[in-house]
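Worksheet: one structure, shown below.
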Amino acid sequence: YRACRTFPLVVTVLLPRESVTVRIGGKVLARVNATDTGKVSRRVTLPKKLTTKKYAVSVVGATASRTGTTKVSVLRRR
């Protein structure tokens, strides 16, 4: 994905209406609430200032123990 572009984010196995925070490289990208079925599905915009490399994307739920991570590769801007 390129900086300033969006990427799809899908998170499951959350508590109903659980509040979650999405971060990349420590920067908060979004704060959202799960649906009644414990799911978040949305597009998230990558910050403009990200350099070309892999970043950890983390999603933290109601407590620090409810954390998930994945990696996203940021490509050079055109």
Side-chain angles (χ1 to χ4, degrees):
Y1 299 97
R2 299 189 190 286
C4 296
R5 303 291 178 143
T6 63
F7 69 97
L9 177 73
V10 177
V11 183
T12 58
V13 195
L14 296 165
L15 298 172
R17 297 175 300 285
E18 183 173 1
S19 176
V20 297
T21 302
V22 181
R23 290 185 172 90
I24 188 167
K27 180 180 172 68
V28 174
L29 296 182
R31 288 190 171 94
V32 297
N33 291 321
T35 63
D36 290 341
T37 58
K39 181 178 179 181
V40 169
S41 180
R42 66 174 290 170
R43 295 193 67 81
V44 179
T45 302
L46 292 169
K48 181 178 183 177
K49 294 186 178 188
L50 292 180
T51 58
T52 302
K53 69 177 191 176
K54 282 189 177 182
Y55 288 89
V57 176
S58 66
V59 177
V60 180
T63 64
S65 65
R66 296 188 53 77
T67 301
T69 59
T70 191
K71 298 267 186 186
V72 64
S73 294
V74 175
L75 306 174
R76 188 168 32 120
R77 291 179 64 199
R78 293 183 191 202

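Start at 1 with the first residue, then count along the sequence.
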According to the side-chain hydrogen bond (donor to acceptor under 3.5 Å, both in side chains) rule, which pairs have a member within residues 22-32, sequence neighbours left out? none
With Arg17 via salt bridge (Lys or Arg N to Asp or Glu O under 4.0 Å) - residues at least two apart: Asp36
Any side-chain heavy atom of [X] within less than 4.5 Å of one from [Y]?
X: Val40; Y: Val10; answer: no
X: Leu29; Y: Pro47; answer: yes
X: Val74; Y: Thr52; answer: no

Just verifying a value: how many Å separate Leu15 CG and Asn33 CG, rounded to the nearest 0.5 Å? 11.5 Å
Ser19 OG to Leu14 CG distance, which is reported to the nearest 0.5 Å: 10.0 Å
Could you check Val59, Val60, Val20 and say which one makes a side chain to side chain contact (heavy atoms under 4.5 Å, CB included) with Thr67? Val60
My understanding is that only one of Val44, Val32, Val72 makes a side chain to side chain contact (heavy atoms under 4.5 Å, CB included) with Leu9; could you say which?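 So, applying the side chain to side chain contact (heavy atoms under 4.5 Å, CB included) to Leu9 and each of Val44, Val32, Val72, only Val44 qualifies.
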May I have all residue pairs that pass salt bridge (Lys or Arg N to Asp or Glu O under 4.0 Å) and include part of residues 61-72, sequence neighbours excluded?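 Non-adjacent pairs meeting salt bridge (Lys or Arg N to Asp or Glu O under 4.0 Å): Glu18-Arg66.
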With Thr45, which residues qualify under side-chain hydrogen bond (donor to acceptor under 3.5 Å, both in side chains), at least two apart? none
For Thr6, side-chain hydrogen bond (donor to acceptor under 3.5 Å, both in side chains) partners two or more places apart: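 For Thr6 the side-chain hydrogen bond (donor to acceptor under 3.5 Å, both in side chains) partners, ignoring immediate neighbours, are Arg43.
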Summary of ring-ring contact (aromatic ring centres under 6.0 Å, His included) pairs that have at least one residue in residues 3-42, sequence neighbours excluded: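 Residue pairs with at least one partner in residues 3-42: Tyr1-Phe7.
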